[in-house]
J.: 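Below are the structure tokens for one structure; questions will follow.
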Amino acid sequence: MSPTVSDLKIWQIVKAIPKGSILSYGEVARRAGYPKGARQVARALKIAPEELNLPWHRVVGAGHRISIPADSAAFKRQVRLLKREGFVVKGRRIVVAEISSLDRALWG
DNA sequence: CAAATGACGGGGT
DNA sequence: AACCCCGCCATTT
């Protein structure tokens with residue numbers, strides 16, 4: 001598959017997520033101008049060229065859940081990268097202490 | 001062309 | 001929390 005214009009836009013947005021913060025697939029989709037495109041965001045990340053060095057691990061499911069299949073290598077990789085940035089991860093979940101810090105996590 | 005798929009989301013049980 | 005169900009939609013079967 002070759003990248004579409006929407007893929008480029010999605011990559012651009014993910015690229016701009018600051019270290020230490022996370023966004024949901026749906027949120028990235030909205031910011032890219034595709035309010036119903038959460039699944040397309042997931043696809044765009046999956047096919048993203050490695051050399052773009054996208055911080056794909058900062059994109060999680062709504063409700064702070066890691067959406068990658070828990071048995072995959074990519075899952076473990078995402079957990080490791082998130083912890084490296086200070087997040088507390090329990091199983092497939094990203095724990096956020098306060099409500100206010102939740103907002104901060106959603107965009108620095 | 002019809003059916004299945006999925007790194008999704010929101011609601012309900 | 002753990003499921004199930006349905007809407008959504010580009011891609012792939």
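Lettering follows sequence order; numbering is per chain, from 1. Hydrogens, waters and symmetry mates play no part in the numbers below; they use all other heavy atoms, side chains included.
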J.: Where the side chain of A:Ala42 is defined as all heavy atoms beyond and including C-beta, which of B:dG9, C:dC9, B:dA7 is the nearest nucleotide?
T.: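 My answer, after comparing the listed nucleotides, is B:dA7.
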J.: How many Å lie between CG on A:Leu45 and C1' on B:dG6, as a whole number?
T.: 13 Å
J.: Between C:dC8, B:dC8, C:dA10, which nucleotide gets closest to the side-chain atoms of A:Arg43?
T.: C:dA10
J.: Between A:Leu54 (CG) and B:dA7 (C1'), how many Å, whole number?
T.: 14 Å
J.: In whole Å, I'd like the distance from the CD1 atom of A:Ile47 to the P atom of C:dA10.
T.: 14 Å
J.: Just wondering, do A:Lys83 and A:Arg80 contact through their side chains at under 4.5 Å, heavy atoms?
T.: no
J.: Choose from B:dG10, C:dC8, B:dA7 the nucleotide whose nearest atom is closest to any side-chain atom of A:Tyr25.
T.: B:dA7
J.: Could you tabulate the donor-acceptor pairs under 3.5 Å formed by side-chain atoms of residues 1-14 of chain A, not counting sequence neighbours?
T.:
| residue | atom | partner | partner atom | Å |
| --- | --- | --- | --- | --- |
| A:Thr4 | OG1 | A:Ser6 | N | 3.4 |
| A:Thr4 | OG1 | A:Ser6 | OG | 2.7 |
| A:Thr4 | OG1 | A:Asp7 | N | 3.3 |
| A:Thr4 | OG1 | A:Asp7 | OD2 | 3.2 |
| A:Asp7 | OD1 | A:Arg43 | NH1 | 3.2 |
| A:Asp7 | OD2 | A:Thr4 | N | 2.8 |
| A:Asp7 | OD2 | A:Arg43 | NH1 | 3.4 |
| A:Trp11 | NE1 | A:Ala44 | O | 2.8 |

J.: If the cut-off is 4.0 Å, is A:Lys46 near the phosphate of B:dA7, judged by side-chain N/O to OP1 or OP2?
T.: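 Yes, such a contact exists.
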J.: Specify the residue among A:Ile68 and A:Arg30 whose closest nucleotide of DNA chain B lies further upstream toward the 5′ end.
T.: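 Going by which nucleotide is closer to the 5' end, it is A:Ile68.
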J.: Tell me: NZ of A:Lys36 to P of B:dG10, nearest whole Å?
T.: 10 Å
J.: Can you tell me how far apart CD1 (A:Ile17) and CZ (A:Arg31) are? Round to the nearest 0.5 Å.
T.: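 The distance works out to 8.0 Å.
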J.: Measure from OH on A:Tyr34 to C1' on B:dC8 and round the result to the nearest Å.
T.: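 That distance rounds to 17 Å.
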J.: Check the distance between B:dG10's C1' and A:Arg65's CZ and give it to me in whole angstrom.
T.: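 Whole-Å distance recorded here is 14 Å.
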J.: Give every donor-acceptor pair under 3.5 Å between a side-chain atom in residues 71-79 of chain A and any protein atom, sequence neighbours left out.
T.:
| residue | atom | partner | partner atom | Å |
| --- | --- | --- | --- | --- |
| A:Ser72 | OG | A:Pro69 | O | 2.7 |
| A:Ser72 | OG | A:Phe75 | N | 3.2 |
| A:Gln78 | NE2 | A:His57 | O | 2.9 |
| A:Gln78 | NE2 | A:Val59 | O | 3.2 |

J.: Take the protein atom CZ of A:Arg39 and the nucleotide atom C1' of C:dG7, then report the distance between them rounded to whole Å.
T.: 9 Å
J.: Nearest to the side chain of A:Thr4, which nucleotide is it out of B:dG6, C:dC8, C:dT11?
T.: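 The listed nucleotide nearest to A:Thr4's side chain is C:dT11.
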J.: Would you indicate, yes or no, if C:dA2 has its OP1 or OP2 atom less than 4.0 angstrom from a side-chain nitrogen or oxygen of A:Arg92?
T.: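 For C:dA2, neither OP1 nor OP2 has a side-chain N or O of A:Arg92 closer than 4.0 Å.
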J.: With a 4.5 Å cut-off on side-chain heavy atoms, are A:Val60 and A:Phe87 touching?
T.: no
J.: Mind calculating the distance between CD1 (A:Ile10) and P (C:dC9) to the nearest angstrom?
T.: 14 Å
